[in-house]
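First comes the structure, then the notes that go with it.
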Amino acid sequence: MLKAAGLLGIVLSLGMLGILKSQELKQRIALLQDFWQMMLQLKSEINYLQEPLQSVLRQRPGNAESKAMQLLLAVQQALDAKQGDLQTVWKQSAETVYKGTPLTAQDLQLVCYPGTFLGQTDCENQARQFQYLETRLQVQLQEAEEVYRTKGPLQRRIGFFAGALLAVVLL
Amino acid sequence: MEHFRQILNRLPPSIGQELEGLPGSVLCSLEEIRLRCGQQVRLETGKGTQRIPHIVTAEELQETLNRLMRFSYYAYENDLAKGFVTIEGGHRVGVCGKVVQKNGEAALIKEISSLNIRFAKEIKGCSDAVFHRLYQKDGQVQPANTLIISPPGCGKTTLLRDLARNFSWHHIKVGICDERSELAGMYQSRPSFDLGPSCDVLDRCEKTAGIQMLIRSMSPQVIFTDEIGREQDAAAIEDCLNAGISLITSMHGNCREDAAASKIGSLLEEKAFRYVVILSHTGGPGTVKEVLDA
């Protein structure tokens, strides 16, 4: 009886591991969407209202759960504390805020990209840079969705399958 | 001290720390901070010039400008093309460097070589001496059309600001067309200075369009605007006067003749202004030298 319970535990644990792995793929999509949403807000504040960047950073919506908003908060605090130029501050803040998340190296590169152009050109060129970032984010998001669509169910199945296989071997 | 803190917060630590150590009496009388690449920091106070033994580098100048503009070139691109930016509090920062031209006009300044941070000052009461003269009470209460003339640094803006405050507290509807954000120093919908209870400010709006907008939207009794002198300014002034609204404005010059020889000289000939106020620097910013009948 105890052995059967143990084997069931193994199957369920590995199955759960598979589910968690597939959830990471879903979380990556959510993080990219969240970042895109934040960039859209930033874009409209800059292109339409021409608000100075530090004012925009202060006026961010109060969703504390959002990693993108945490990034803005971290950048604002670092700029206020005079911890360097925007490019360095943005990169460091992005790496800290998104540490341990399922974002890929390529995703992180995109997340760090705004630091290289934000506030450093006229309005026209800011708009071009936002356009470029949006296009790249769109591609990245499509890729993330494709990965989730194909690998998500597979990872879930593999988890349970590996659990079942290990149970059979131990039996 | 408050205006100094606003600037100090925006300076790079290397320069800010040097300034922070200065005695309060120097900080209170600061009028300008001049930063030139390869030179010591120079402080212009009401009592003379003081140097700080810190050699300014090109990187520090760039960082200072970035911080003063809050890392937002796009928000200041029009100002920067004219060689200055006005920051929170109405303080003006003059910029020199290599000018990049676009369609034959200055579009940007790069390789910054010097910065001149000029503190906006509020001297309450500096207009009291002229206020009662400009405030006509013959029959109808109405401010007189006035042109303030002085060389740079004599307090034209300071006097205009205090006059606006005085009229506003006397329940005259005041409209300010603040093209450079210096008169009111608007920040997050509030002026940085006391402008009284009856004042409407159109911030960062070009004078020609701004005067029209104020006339149509706010029905002011008097409009204040700073530093006129272009041909199109003359047309805007005429529009204002034709609408029965008083105008109090300023221009660079030493005397009435300088104004008469400028592009708005015809307005003086036509007696569009009732008074010409000449300022001097002898008694500090905003000192009235004489008030002439135009």
Side-chain angles (χ1 to χ4, degrees), chain A residues 38-61 71-94 112-133, chain B residues 5-20 57-82 85-89 91 93 99-103 105-110 112 181 186-190 203-205:
Chain A
M38 181 271 280
M39 287 317 293
L40 285 176
Q41 286 176 12
L42 213 57
K43 180 183 161 185
S44 70
E45 294 276 349
I46 287 174
N47 287 0
Y48 185 59
L49 298 174
Q50 298 195 6
E51 277 287 317
L53 194 57
Q54 278 181 295
S55 305
V56 178
L57 295 177
R58 281 200 188 92
Q59 289 160 14
R60 70 198 174 278
L71 169 63
L72 291 190
L73 176 65
V75 171
Q76 182 223 317
Q77 286 172 343
L79 286 179
D80 286 349
K82 300 185 179 179
Q83 286 170 358
D85 62 288
L86 184 68
Q87 188 168 355
T88 317
V89 160
W90 188 282
K91 190 168 183 287
Q92 284 170 349
S93 305
C112 292
Y113 182 70
T116 63
F117 74 86
L118 271 180
Q120 289 164 41
T121 61
D122 59 359
C123 252
E124 202 182 317
N125 283 300
Q126 291 287 296
R128 282 193 196 130
Q129 293 281 6
F130 274 116
Q131 188 63 47
Y132 170 71
L133 182 63
Chain B
R5 294 266 160 240
Q6 284 175 341
I7 298 289
L8 192 71
N9 288 337
R10 307 273 197 93
L11 293 175
S14 53
I15 298 174
Q17 279 161 7
E18 299 266 0
L19 293 176
E20 225 165 349
T57 64
E59 290 74 27
E60 281 175 334
L61 282 173
Q62 190 59 56
E63 192 187 341
T64 305
L65 187 61
N66 271 339
R67 290 196 174 280
L68 289 168
M69 296 195 302
R70 291 184 280 170
F71 304 93
S72 313
Y73 266 88
Y74 59 84
Y76 295 91
E77 58 179 284
N78 293 333
D79 286 355
L80 199 57
K82 292 174 194 160
V85 289
T86 310
I87 59 168
E88 172 194 343
H91 311 297
V93 183
V99 174
V100 178
Q101 292 205 321
K102 196 175 173 184
N103 303 326
E105 283 182 19
L108 174 73
I109 301 179
K110 60 176 189 176
I112 308 302
S181 283
M186 295 299 283
Y187 183 66
Q188 293 185 336
S189 310
R190 290 206 170 97
D203 191 35
R204 284 190 181 266
C205 185

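Just so we're on the same page: letters track the sequence lines, and every chain starts at 1.
If you measure heavy-atom distances from A:Gln126 to chain B, the contacts under 4.5 Å come from the side chain alone. Residue A:Leu49 does not touch chain B at all, counting heavy-atom pairs closer than 4.5 Å.
With hydrogens and angles ignored, the 3.5 Å screen pairs no side-chain donor or acceptor of B:Tyr73 with any backbone N or O of A:Leu118. Under a 3.5 Å cut-off, the side chain of B:Ser72 and the backbone N or O of A:Gly119 do not form any donor-acceptor pair. Remark: the backbone N or O of A:Asn125 is not paired with any side-chain donor or acceptor of B:Tyr74 at under 3.5 angstrom.
Chain A forms more heavy-atom pairs under 4.5 Å with one residue of B:Leu108, B:Leu11, B:Asn78 than with any other, namely B:Leu11.
The two residues A:Ser55 and B:Arg70 have their closest heavy-atom pair at OG-NH1, 3.0 Å.
Atom CD of residue B:Gln62 and atom CG of residue A:Asp85 lie 10.5 Å apart, to the nearest 0.5 angstrom. Here the CD-CZ distance, from A:Gln54 to B:Arg10, works out to 7.0 Å after rounding to the nearest 0.5 Å. We find the CZ-CG distance between B:Phe71 and A:Leu86 to be 6.5 Å, quoted to the nearest 0.5 Å.
Taking a 6.0 Å sphere around CD of B:Gln101, one finds it holds more than 12 heavy atoms contributed by other residues, nucleotides or ligands.
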